[in-house]
Amino acid sequence: PYAETWHSVTFRFGTDTVEQVGVRTFGAGSLIYTKPSLKISFDHFVAGQEWRGLEQIKLDNSSQDYGFLNETIGTAILRRANIPAARTGYARVQVNGSAAGFFVLLEPIDDVYLRRWFDSDAGNLYGTADGRYAQGLNPIPVDGPLDWFTPQTKVETDGSDIVAITEIVANGTDDELIAALDIDQFSRMSVTRSVFGGIDTMSADGNNYFLYNQGGYWSIIAWDLDADLGYPWYFATALTVDPRAPWLTSPWAVNPVTGAPYTDPVLSRALAMGLDTDALVAELLSGAGDWQTIDDEIVAASSLIRDDVYADVLGYGPAFDARRHDLRLFVHTRISQLLGRDAAPCPAPPPGTLVAGDLSPTGTVGWGSLLVDSTNWGPGITVGGEHYCTGIFAHSPSDVQIVIPEGASVFSAGVGLQDWAQQCGDGATFSVVQNGATLWQSSTLRNYDAAVATGEIAVSAGPLHLMVAANAEYSCDTAAWVDVAVR
């Protein structure tokens with residue numbers, strides 16, 4: 001598969017059959033022997049041949065996205081914001097009758113795509129050359145533009161137009177830049193991908209985009225969202241991406257050829273021209289990036305594909321479950337962080353009910369701080385992918401005391417471990433204790449387990465202890481008592 005050689009095949013989908021279809025592998029870090037990503041070209045061997053109006057489709061193995069969700073969720077946000085991005089789907093693939101895996105189906109950025117988004121495919125389309133990211137539209141050598149950018153369509157080009165636009169970005173007047181480049185679209189894509197944690201994008205490290213020159217006017221097209229949306233291993237980093245300078249956060253913002261640090265010159269010019277990133281963020285979060293819309297999409301997509309991911313040759317099933325919970329946690333945390341409040345609707349408790357914050361919680365915590373109605377990641381608490389508006393958050397082991405007031409006799413809560421696998425322990429056990437007697441105790445709970453309800457527990461006025469025992473000598477488990485209520 002590493003040769004990326006074209007092969008002629010027969011393509012079948014349902015009752016559709018297309019002969020002499022080209023197929024080859026594609027990818028860089030994602031290209032793996034056991035399940036390579038596949039590019040299917042209907043017109044590679046037969047000029048003008050299409051299937052359902054498409055010249056090509058791509059089958060992404062999702063080897064770098066355990067959740068199989070980033071492309072689906074991320075591109076949907078971009079398209080809702082009217083930012084050019086591929087359509088997606090999912091595919092079960094067989095080769096010669098044998099299962100080859102479950103893939104993310106991607107719409108290629110090609111002539112068909114250009115006609116759909118821009119009404120014309122007559123312009124020059126470029127992608128970054130292999131290993132030549134972190135250049136963006138910074139100046140490039142006049143004698144080697146195609147060393148940095150690769151033409152993507154059959155339109156003949158020597159790359160001189162790329163050299164010209166980099167010169168305008170670097171030294172042109174504001175009017176010249178506005179006339180040559182869709183600076184609003186570039187800015188919107190930068191801000192949108194930054195809001196949702198993009199660290200491998202045009203604005204963050206000069207990677208994962210296409211450039212389209214339509215009659216001397218340049219547009220940008222998003223591509224490859226694997227490292228957006230709280231990419232695994234970069235969750236905390238993704239929460240700190242600044243839409244005004246995303247390159248300061250990306251771990252890859254260094255040109256691999258020159259060794260120079262990367263800065264996006266287009267975003268820098270936009271900011272100098274008065275770009276109001278706060279206004280763009282507010283517009284995004286009230287529209288295309290609304291939390292409830294995205295969360296519903298994650299839940300729906302996860303339900304659709306879970307069985308297929310578990311059956312896939314990569315064996316990512318358990319990692320998929322963790323990733324879908326983490327994705328929900330990241331999206332809620334990031335949006336809440338930028339809004340300055342809880343993104344989820346938080347209804348008022350029923351009359352006569354006291355919640356955690358009303359009960360004077362105090363106590364000892366294994367490490368970190370005792371927090372009420374928040375966690376290290378932001379407002380609210382997320383357990384098993386579900387968001388809770390109120391509760392008490394305390395790393396185990398812990399002993400949190402609350403005070404049951406006179407006249408109250410019933411306690412209830414849910415218990416669980418905050419998502420985002422701080423898994424250096426072996427789970428935790430929760431207990432409700434009063435006057436030395438254990439009124440309720442959970443079984444061992446681990447990260448990503450759903451919250452467990454205590455049910456209604458009869459209590460008396462006075463101190464009540466909410467205790468968490470770590471099931472190891474030392475635990476990083478992040479214990480939470482959610483929806484705490486006393487009446």
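Since we're looking at a predicted model, the values are computed, not measured.
- Looking at every heavy atom in both residues, Pro243 comes nearest to Val241 through CD-O, 3.5 Å.
- Closest approach of Ala81 to Ala288, counting heavy atoms only: N-CB, 3.6 Å.
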For side chain to side chain contact (heavy atoms under 4.5 Å, CB included), just list the numbers for Trp218 and Leu137, CA-CA rounded to whole Å, side-chain angles, deciding distance to a tenth of an Å, and then say yes or no.
CA-CA 11 Å; Trp218 291 82; Leu137 285 178; 5.9 Å; no
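- Side-chain contact annotation: Trp51 with Asp16, donor-acceptor N/O pair under 3.5 Å present.
- Between the side chains of Glu4 and Thr25, no donor N or O sits under 3.5 Å from an acceptor N or O.
- The shortest heavy-atom contact between Arg334 and Ser194 is NH2-O, 3.1 Å.
- Shortest non-hydrogen contact noted between Tyr133 and Asp205 is CD1-O, 3.6 Å.
- Using a 4.0 Å cut-off between charged nitrogen and carboxylate oxygen, Glu297 and Arg80 count as a salt-bridge pair.
- If you take OG1 on Thr277 and CG on Leu284, they are separated by 12.0 Å, rounding to the nearest 0.5 Å.
- Counting heavy-atom neighbours within 6.0 Å of Arg116 CZ, excluding the residue itself, gives a total above 12.
- By the 30° and 60° cut-offs, the orientation of the rings of His332 relative to Trp291 is perpendicular.
- Residue Arg446 qualifies as enclosed at atom CZ: its count of foreign heavy atoms under 6.0 Å is above 12.
- Residues Ser41 and Asp43 bring a donor and an acceptor atom of their side chains to less than 3.5 Å of each other.
- With rounding to the nearest 0.5 angstrom, the CG atom of Asp111 is 8.5 Å from the CG atom of Leu125.
- In terms of heavy atoms, Arg79 sits closest to Thr88 at NH1-N, 4.5 Å.
- Counted within 6.0 Å of CG on Asp130, heavy atoms from surrounding residues, nucleotides or ligands total 12 or fewer; the atom is thus considered open.
- Side chains of Tyr113 and Asp121: a donor-acceptor N/O pair is absent below 3.5 angstrom, by distance only.
- Annotation: Phe13, atom CZ; neighbour count of heavy atoms from other residues, nucleotides and ligands within 6.0 Å does not exceed 12.
- When all heavy atoms of Pro345 and Pro347 are compared, the pair lying nearest together is O-CD, 3.5 Å.
- Both tests do not hold together for Lys58 against Phe103: distance to the six-membered ring centre under 6.0 Å, angle to the ring axis within 45°.
- Between His387 and the choices Asp342, Asp419, Thr333, the side chain to side chain donor-acceptor pair (under 3.5 Å) rule is met once, by Asp342.
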Under the side chain to side chain contact (heavy atoms under 4.5 Å, CB included) criterion, do Arg328 and Asp295 qualify, and how do the steps go?
CA-CA 6 Å; Arg328 296 182 73 187; Asp295 195 62; 2.9 Å; yes
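- Expressed to the nearest 0.5 Å, how far CG of Asp60 lies from CG of Asp224 amounts to 7.0 Å.
- Within 6.0 Å of OH in Tyr2 there are more than 12 heavy atoms belonging to other residues, nucleotides or ligands.
- A distance of 5.5 Å separates CG in Asp226 from CD in Gln64, rounded to the nearest 0.5 Å.
- Between Asn96 and Ser98, the side chains place no donor N or O within less than 3.5 Å of an acceptor N or O (distance only, hydrogens not considered).
- Remark: Glu167 engages Asn171 in a side chain to side chain contact (heavy atoms under 4.5 Å, CB included) (not counting sequence neighbours).
- For Asp308 (side chain) and Phe102 (main-chain N/O), no donor-acceptor pair under 3.5 Å exists by modelled atom type.
- Between Trp420 and Trp377, the ring planes lie perpendicular to each other; the angle is over 60°, past the 30° to 60° tilted range.
- For Phe118 and Tyr212, the ring centers are positioned less than 6.0 Å apart.
- Aromatic ring pairs are classed by plane angle as parallel below 30°, tilted from 30° to 60° and perpendicular above 60°; the pair Phe42 and Phe11 is perpendicular.
- Side-chain contact check for Asp158 and Ser160: at least one donor-acceptor pair (N or O, by modelled atom type) lies under 3.5 Å.
- For the atom pair CD1 (Ile199) and OG1 (Thr237), the distance works out to 6.0 Å, reported to the nearest 0.5 Å.
- Here Thr166 contributes atom OG1 and Asn138 contributes atom CG; the two are 8.5 Å apart, rounded to the nearest 0.5 Å.
- Relative ring orientation between Trp233 and Tyr231 is described as perpendicular, the plane-to-plane angle rising above 60° on a 0-90° scale split at 30° and 60°.
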Which is it for Tyr310 and Asp321 under the side-chain hydrogen bond (donor to acceptor under 3.5 Å, both in side chains) test, yes or no, and what are the steps along the way?
CA-CA 10 Å; Tyr310 264 84; Asp321 284 332; 2.5 Å; yes
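- Tyr209 is linked by a side chain to side chain donor-acceptor pair (under 3.5 Å) to nothing, counting only residues two or more places apart in sequence or in another chain.
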Full working for side chain to side chain contact (heavy atoms under 4.5 Å, CB included) between Leu181 and Tyr217:
CA-CA 5 Å; Leu181 180 146; Tyr217 191 67; 5.6 Å; no
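- A donor-acceptor pair under 3.5 Å is absent between the side-chain atoms of Arg324 and the main chain of Ala319, judged by distance alone.
- At a cut-off of 3.5 Å, with distance as the only test, no side-chain donor of Asn70 or Asp228 sits close to an acceptor on the other residue.
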Using the side chain to side chain contact (heavy atoms under 4.5 Å, CB included) rule, take Ser268 and Thr263 through it: C-alpha gap first, then chi angles, then the decisive distance, then the call.
CA-CA 8 Å; Ser268 298; Thr263 300; 3.6 Å; yes
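- For the side chain to side chain contact (heavy atoms under 4.5 Å, CB included) test, residues two or more places apart in sequence or in another chain that qualify with Thr390 are Asp373, Asp483.
- Side-chain N/O atoms of Arg188 and Asn82 include no donor and acceptor closer than 3.5 Å.
- Remark: the Asp110 side chain and the Gln152 side chain contain no N/O donor-acceptor pair separated by less than 3.5 Å.
- Of the N and O atoms on the side chains of Tyr316 and Ser62, not one donor lies less than 3.5 Å from an acceptor on the other residue.
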